[in-house]
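Numbered from 1 within each chain, the chains take letters A, B, ... in sequence-line order.
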Number of protein chains: 2
Amino acid sequence: MTAASIAKDLRAAIRSGTYKPGDRLPSEAALMSNYGVARMTARHGLSMLKDEGLTVTRHGSGVFVRSFEPIVRDSTGGKAGESTVTAEIDETGAGLVVRTLAVTAEAEPSEKIRTTLGLAEGDKVTVRERLHLRERKPVLFATSYLPAAIAAGTPIADQEVGPGGTHARLTEAGHAPVRFREDVVGRMPTIEEIEELRIEPGTPVLAVTRTAFTKDGSPVEVSHVVLDAGEFMLRYDID
Amino acid sequence: MTAASIAKDLRAAIRSGTYKPGDRLPSEAALMSNYGVARMTARHGLSMLKDEGLTVTRHGSGVFVRSFEPIVRDSTGGKAGESTVTAEIDETGAGLVVRTLAVTAEAEPSEKIRTTLGLAEGDKVTVRERLHLRERKPVLFATSYLPAAIAAGTPIADQEVGPGGTHARLTEAGHAPVRFREDVVGRMPTIEEIEELRIEPGTPVLAVTRTAFTKDGSPVEVSHVVLDAGEFMLRYDID
DNA sequence: GAGTGGTCTAGACCACTGC
DNA sequence: CAGTGGTCTAGACCACTCG
């Protein structure tokens, strides 16, 4: 029970404010002598806190208490005509930079995307991949799928969508998105996501599947958005 | 790099479908001989998968691939007049049982709750704690705070709120909630939450702060809801 | 009882950080 | 260069599961 009890003590100390965000915790060597345990045991105790997202370790430097200052992503507050995601970042998201990674005018959709968009077999989709950065750190990865029949040949299939973003182009093309559905799950990141978003150990991601519908109820866009849960809070205003 | 490469191999095998949800992975002993590593190394490789939420371990039995069949909680679909949370569970949530743990008619609010509810210093709140169970497993824990000036003396301060739940009582009292805000964060569970919700290692929680407002914009209820992210998907429909 | 995972020990060597 | 965390070894004993 020693590794667990070391974790328990440190956890209590963090919660009570003995160690504040940014503070350094006792080193492994210190814990070994304080508790009279082997190094692996001290390590295990510390690794529990890391897995809980309470601490971050810096190789060669120490174990530090973590802080959480989320960007608020207001999914309902975006002014019409702005780009899907940037409009949703409120003022605390200042300094957020969007980088378009790749745009594919015509791609074969997965079975799931195809049925969600209500496409026939053989129909193609336009795929847009974007990365959002906060102070140089990537924090959000988004992939959008639109029917190629709608998007191909428009600026949506270009690297630069133009002012107002994808939604403005869809509106111009007579497919104005007016209703949205967001499905949110929380889970641990995949290895790819850990690398892509440089996610700290012990940090989950929020995976949002956002579907945009036109007035007549037909889906015009499906977006998979993966957010570093250590960086974001999702806000929904509901009537 | 051996522990990491064991994890990598097994992860790939799970992703490719070699091991399906419910399947047992090779034992620690098998990995030791297959990879020629010490037991702690094999263990470490397996523990990575556990921390990613890919597997569950059953002491004395083995390591198994995990499955994810979420309950969809539709936050916007609840018919008016039903209780706040149960109304939000759609048909896949059948079998969901709500247990009221505690009701406190008059309690001292925390600073944060007090200001969110727009209360003056010294004002009391009514606190309701509820637990939701899915097939006997607790999956959601909710704590609601209402101004005692509104709730005390009404059935809201009773163990049984009556038909229609808290919102029906608020409406009767002339404080009908018409607008809601939900703030969603993902994080790893606290020890208390792990115990209370019997959360598997490697599973985050979704922490939802839900604020209900009346027509004139004054807040009448703040709820802190903690959901086992391994059990839920949150759905929001937005116009 | 054989096989499984859970925990701990006491060492080793390596890689990174900061004075 | 001293101190830090990252990884691995080769054992030990314990607790749980299942046939």
- Query: Could you state the interatomic distance from OG1 (Thr116(A)) to OH (Tyr145(A)), rounded to the nearest 0.5 Å?
  - Reply: 10.5 Å
- Spacing between Arg39(B) atom CZ and dT9(C) atom C1', to the nearest angstrom: 14 Å
- Whole angstrom is fine here: how far is it from CZ in Arg24(A) over to C1' in dG18(C)? 11 Å
- Task: Indicate whether OP1 or OP2 belonging to dC8(D) is found under 4.0 Å from a side-chain N or O atom of Thr41(B).
- Result: no
- Message: What's the separation between atom CG in Leu46(A) and atom CG in Asp51(A), rounded to the nearest 0.5 Å?
- Response: 11.0 Å
- Donor/acceptor link under 3.5 angstrom from Arg58(A) side chain onto base of dG18(C): no
- Spacing of Glu28(B) atom CD relative to dC16(D) atom C1', expressed in whole Å: 13 Å
- Just how far, in rounded Å, is C1' of dT9(C) from CG of Leu31(A)? 16 Å
- Any donor-acceptor pair under 3.5 Å between the side chain of Arg43(A) and the base of dT7(D)? no
- For His59(A) and dA15(C), are the ring centres under 5.5 Å apart with planes inclined under 30°? yes
- Item | Contact nearer the 5' end of DNA chain C, comparing Ser61(A) with Ala4(A) | Ala4(A)
- For Leu49(A) and dG5(D), give me the distance from atom CG to atom P, rounded to whole Å. 13 Å
- Message: If we count only N and O atoms by modelled type, under 3.5 Å, do the side chains of Ser144(B) and Arg130(B) hold a donor and an acceptor together?
- Response: yes
- Query: Is any NZ, NE, NH1 or NH2 atom of the basic residue among Lys137(A) and Asp228(A) found under 4.0 Å from an Asp or Glu carboxylate oxygen of the other?
  - Reply: yes
- Item | Tyr35(B) OH - dA10(D) C1' separation (whole Å) | 21 Å
- Expressed in angstrom and rounded to an integer, what is the separation of His44(B) atom NE2 from dC8(D) atom P? 8 Å
- Query: Rounded to whole angstroms, how far apart are CE on Met40(B) and P on dA10(C)?
  - Reply: 14 Å
